[in-house]
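Comments concern the structure below.
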Protein chains: 2
Amino acid sequence: MRTRPYHHGDLRAALLTRAERTLGEKGPGALSLRELAREIGVSPAAPSRHFRSKQALLDALALEGFGRLATGLIEAHDAAGDAFAERVLAVTRAYLDFAVANAALLDLMYSVKHDPAASEELIDAGQRVGSLAAALIREGQRQGAVREGPLEEIGLPVMATLHGFAVLAASGTLPADSVEQGMRDTVAFVLRGCAP
Amino acid sequence: MRTRPYHHGDLRAALLTRAERTLGEKGPGALSLRELAREIGVSPAAPSRHFRSKQALLDALALEGFGRLATGLIEAHDAAGDAFAERVLAVTRAYLDFAVANAALLDLMYSVKHDPAASEELIDAGQRVGSLAAALIREGQRQGAVREGPLEEIGLPVMATLHGFAVLAASGTLPADSVEQGMRDTVAFVLRGCAP
DNA sequence: ACCTGAACACCGTTCAAGT
DNA sequence: ACCTGAACACCGTTCAAGT
């Protein structure tokens, strides 16, 4: 019968995995470093080696979230057809899916309470997601589906619309049975807003 | 020298006021019922008479936030000129101002961690804000500035765009010096998306 | 009705000491 | 380098008892 070794192996990763699980299942209020440590089987002080504070763990979680969101959007984009309208639909749906499946995490990603230390990294990550919208717009312009002009002039409003819609859907402000129709309306609105 | 009376008078209001102040000044993590009670000069158990739990206080704060946001949007709307474009600009600016001035509160309003008990009320409040967008669209249709169609088909995307832009600006995802230009671009985008 | 006082079961964080 | 054990100064919440 193997007894737990003194060194966990990869406590950092274990903390992040477990933290995200309870974040999704029981909400951010139920996230306790001590309980995490208990579940993983290490002492209450062990997490402090890997995260200077609870907030540092939350920031790491948020950063991971931005990475997954960006990957999801890129994959959806690349899997869609070439036409601008198809790509907008695919990216919007991917954003929505992420928001619904990771509502608490999305909250964390765009919340205001980050450590100044991590803030810079998080803002970068947020802007990297924003730059995906810019890339989408540039393609649309090449196809003639988007009016000419500086990328940000259209990219930012598009990003805002996608994000806003996803947040409203994930926060339950939208009735669940009108999310799908709302997404179609939002995509149509974006296409009109972009059109030459 | 008057000594503090046994009954506070309006402890509930005092708690809400103080809570919102520290929420804005020191962030949601620094909000402690015990510290609030200490600052106000009541015992640690006193708040429980007015709020069943800390979450109940946060929910009340969020509800108050929705009320103030709605009022702010209506006032901005009514103070603006009659033209649809002017009204959209006024409402967008009001939403942005609220978000920047009450970033932590806005976080709270649209966060996922509410009590099921308060959720219904909060969702109603959120939808009431959404109905303001619908009213705006209806006027726009009457003026011929907005294409015909069901209110929600345009109202929801407009709401999403305003909310998304405000959140991005308030969360610092947008560089501070591009917020003003971003707002103009967002308004222009909305007007295009609405146009017949 | 509203609040106090004291208690309970937790927290996050720190720091010497162990492996 | 990584973790434990014990301690510190807090929490939120409950409940009998006071006014």
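Chain A is the first sequence line, chain B the second, and so forth, proteins listed ahead of strands; every chain is numbered from 1. Side chains are part of it too, since the values below use all heavy atoms of this structure and drop only hydrogens, waters and symmetry mates.
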[N] [atom2] sits how many Å from [X] [atom1], rounded?
{"X": "L58(B)", "N": "dG12(D)", "atom1": "CG", "atom2": "P", "result": "10 Å"}
{"X": "F51(B)", "N": "dC2(C)", "atom1": "CZ", "atom2": "P", "result": "13 Å"}
{"X": "E35(B)", "N": "dC10(D)", "atom1": "CD", "atom2": "P", "result": "10 Å"}
{"X": "L57(B)", "N": "dC11(D)", "atom1": "CG", "atom2": "P", "result": "15 Å"}
{"X": "R12(B)", "N": "dC3(C)", "atom1": "CZ", "atom2": "P", "result": "13 Å"}
{"X": "L31(B)", "N": "dC11(D)", "atom1": "CG", "atom2": "P", "result": "11 Å"}
{"X": "L36(A)", "N": "dC11(C)", "atom1": "CG", "atom2": "C1'", "result": "13 Å"}

Measure from the side chain of [X], starting at C-beta and using heavy atoms only, and say which of [options] lies closest.
{"X": "S32(A)", "options": "dC15(D), dG12(C), dA6(D)", "answer": "dG12(C)"}
{"X": "L33(B)", "options": "dT13(C), dG12(D), dC3(C)", "answer": "dG12(D)"}
{"X": "K54(B)", "options": "dT4(D), dT13(C), dT13(D)", "answer": "dT13(D)"}
{"X": "L11(A)", "options": "dT13(C), dC3(D), dT14(D)", "answer": "dC3(D)"}
{"X": "R49(A)", "options": "dC3(C), dT14(C), dC3(D)", "answer": "dC3(D)"}
{"X": "R34(B)", "options": "dG5(D), dC15(D), dA7(C)", "answer": "dA7(C)"}
{"X": "S43(B)", "options": "dC2(D), dT13(C), dT4(C)", "answer": "dT4(C)"}

| task | Find the distance between CZ (F165(A)) and CG (L156(B)) and round it off to the nearest 0.5 Å. | result | 6.0 Å
| query | Is there a donor-acceptor pair closer than 3.5 Å between any side-chain N or O of R192(A) and the backbone N or O of A195(B)? | reply | yes
| task | Using only side-chain N and O atoms of H50(A), determine if any of them is under 4.0 Å from OP1 or OP2 of dA1(D). | result | no
| query | Which nucleotide, in any strand shown, forms a Watson-Crick or G-U wobble pair with dA6(D), with both distances under 3.5 Å? | reply | dT14(C)
| If we call it a pair only when both distances are under 3.5 Å in a Watson-Crick or G-U wobble match, what pairs with dT19(C)? | dA1(D)
| query | NA contact type, P47(B), heavy-atom cut-off 4.0 Å: base, sugar-phosphate, or nothing? | reply | nothing
| said: Classify R38(A) by what it touches in the nucleic acid, base, sugar-phosphate, or nothing, heavy-atom distance under 4.0 Å. | reply: sugar-phosphate
| field | Q141(B) side chain to R138(B) side chain, donor-acceptor N/O pair below 3.5 angstrom | value | no
| request: For H77(B) and E139(B), test the side chains for any donor-to-acceptor distance below 3.5 angstrom and give the result as yes or no. | output: yes
| message | Can you confirm whether R128(A) sits close enough to D124(A) that some side-chain heavy atom of one is under 4.5 Å from a side-chain heavy atom of the other? | response | yes
